[in-house]
There are 2 protein chains.
Amino acid sequence: MANWNGAVASREEVREQKRRAALRVASRIFNEKGYHATSLDEVADDIGVTKTALYYYFKNKEQLLYECMKLTYNCGQTARLETEAMDGSAFEKLQFLYGRFMELLMEERGVYTTMANIRALPEEAQQELIERRRQLDRYSRMLIEKAIEEGAIRSVDTRITSNFFLGAVNWILRWHTEDDAMTPKEVSAHFLDLFMNGIVKRD
Amino acid sequence: MANWNGAVASREEVREQKRRAALRVASRIFNEKGYHATSLDEVADDIGVTKTALYYYFKNKEQLLYECMKLTYNCGQTARLETEAMDGSAFEKLQFLYGRFMELLMEERGVYTTMANIRALPEEAQQELIERRRQLDRYSRMLIEKAIEEGAIRSVDTRITSNFFLGAVNWILRWHTEDDAMTPKEVSAHFLDLFMNGIVKRD
DNA sequence: ACATCTTTTTACTCATGCGTCAATACTTCT
DNA sequence: AGAAGTATTGACGCATGAGTAAAAAGATGT
């Protein structure tokens, strides 16, 4: 079916859209119930096709999980790349990195279970995903160190600090829902404030 | 076999010890691989018995998980009860509650997967465990509110703040290992410092 | 030594769910 | 309309792993 400018929703495009839709559904159910507890029949039912149709798009269940995870890790990568491209102090970058990461996560949904089920993947795929995660972690720690040198933040332990905040962030998807009273931006801002300033009152 | 004071390691006692040992092993593997990805044969192998032996101690796999989770939730409950029994300001109590909770978690290990796999349990058991978790959450929020009234901490959003820190805490078991460079007490102290004071440097 | 009770095993059943194959519907192009 | 792809289905094979039953092994007390 051609549209006004003569462009066509080609087979390739339609196929890609369906893949994406399938990934969204699978991701949601994996997150809700866990990878091993989810059957492909369930995923297929929810999409409105039969299990066999899924095999036309994905080699097997593992690959479905793998691609779900990749989408997820893209959030972190996107946030990192955007941050790397920006000007400003390490302190500003640190805030931007985490803020953007949180927003993307809440908008896209998905990290949690993917992290938990990484062991379900073959060794090679695990290593690739772990390496991706490390990149974000390294970058975040580097920013913390630089911000300390800048004199903007206290001389905290980077490992502990990074894990502290990453934990809080990853947990967000456990309690923040799509129809939450707070928007992703609000949550993100509040978290940054807590992370930067703590809860103790000062004069 | 009687010991010096005539006391006996009675059948009941031995049985209880074996149950405990089984729970520890199961808990560890559930945490490593996830409930659904773990077979009872695996658990049994690791203990050094056959699967069938487990059925002598536990009704079924679900019950095994349920009891693992109960041990876990005891950490939170213990921390809460100890805090309730203590004197001091809400601010002090808040610090003690979280500090104790973190230490218990690192010493006992186990929350993470249990939280993730709660859906594997029958509705009734889920409700019981969720209720337990709520108690801790309510208590923690109450302390935050009181500490605000006391003027010890800023007037933060209790829901966000509670989730913020709970996330960081629950995540600990993801990166802190039994042979970690930092002791549970050290991690706990560092986390409290970050939570209270944030990372920003002040004069 | 023998009888009784507890614990563990061996050998099974049965359901679930991944993945395949061949047949069928649906598109698109000529 | 009909041919050549493309997409989807229904019906199956097969492995894994939960749970059971009955027999064997191990304790304990007489």
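Letters A, B, ... mirror the listed sequences (proteins, then strands); counts begin at 1. Atom set for the values below is all heavy atoms of this structure, side chains included, hydrogens, waters and symmetry mates excluded.
- The side chain of B/Ala53 lies closest to C/dT9, out of D/dT8, C/dT9, C/dG17.
- Atom CG in A/Leu54 sits about 18 Å away from atom P in C/dC21, given to the nearest Å.
- OP1 or OP2 of C/dG19 sits under 4.0 Å from a side-chain N or O of A/Tyr55.
- Applying the 3.5 Å distance criterion, the base of C/dG17 shares no donor-acceptor pair with the side chain of A/Lys51.
- In terms of position along DNA chain C, the nucleotide closest to B/Thr52 lies nearer the 5' end than the nucleotide closest to the other residue of the pair A/Thr52 and B/Thr52.
- Taking atom CD on B/Glu12 and atom P on D/dT28, their separation rounds to 14 Å, with Å as the unit.
- By the 4.0 Å N-to-carboxylate-O rule, B/Arg159 lies close enough to A/Asp180 to be salt-bridged with it.
- Contacts of A/Lys59 with the nucleic acid, taken as non-hydrogen atoms under 4.0 Å apart, are absent.
- Checking C/dG19, D/dT8, D/dA18 against every side-chain atom of A/Asn60, the shortest atom distance belongs to C/dG19.
- Residue B/Phe58 contributes atom CZ, which lies 16 Å from atom C1' of D/dA18 at whole-angstrom precision.
- The nearest whole Å value for the distance from the NE2 atom in A/His36 to the P atom in D/dA18 is 12 Å.
- If you measure from atom CD1 of A/Ile47 to atom P of D/dA7, you get 15 Å, rounded to the nearest angstrom.
- One interatomic measurement links the two molecules: CG of B/Leu40 to P of D/dG19, which rounds to 7 Å at whole-angstrom precision.
- When the side-chain nitrogen and oxygen atoms of A/Tyr56 are compared with OP1 and OP2 of D/dA7, one or more of them lie within a distance under 4.0 Å.
- Here D/dT16 presents its C1' atom at 13 Å from NZ of A/Lys61, a figure rounded to the nearest Å.
- Under a 3.5 Å cut-off, the side chain of B/Lys51 and the backbone N or O of B/Asp45 do not form any donor-acceptor pair.
- Annotation: side chain of B/Thr83 is not in contact with side chain of B/Phe101 (no heavy-atom distance under 4.5 Å).
- Under a 4.0 Å N-O distance rule, the pair A/Arg154/B/Asp193 qualifies as a salt bridge.
- Residue B/Arg15 places at least one side-chain N or O under 4.0 Å from the OP1 or OP2 atom of C/dT7.
- Using a cutoff of 4.0 Å between basic side-chain nitrogens and carboxylate oxygens, B/Glu150 and B/Lys146 are not scored as salt-bridged.
- Protein atom CD of A/Glu42 is 12 Å distant from nucleotide atom C1' of C/dT16, rounded to whole Å.
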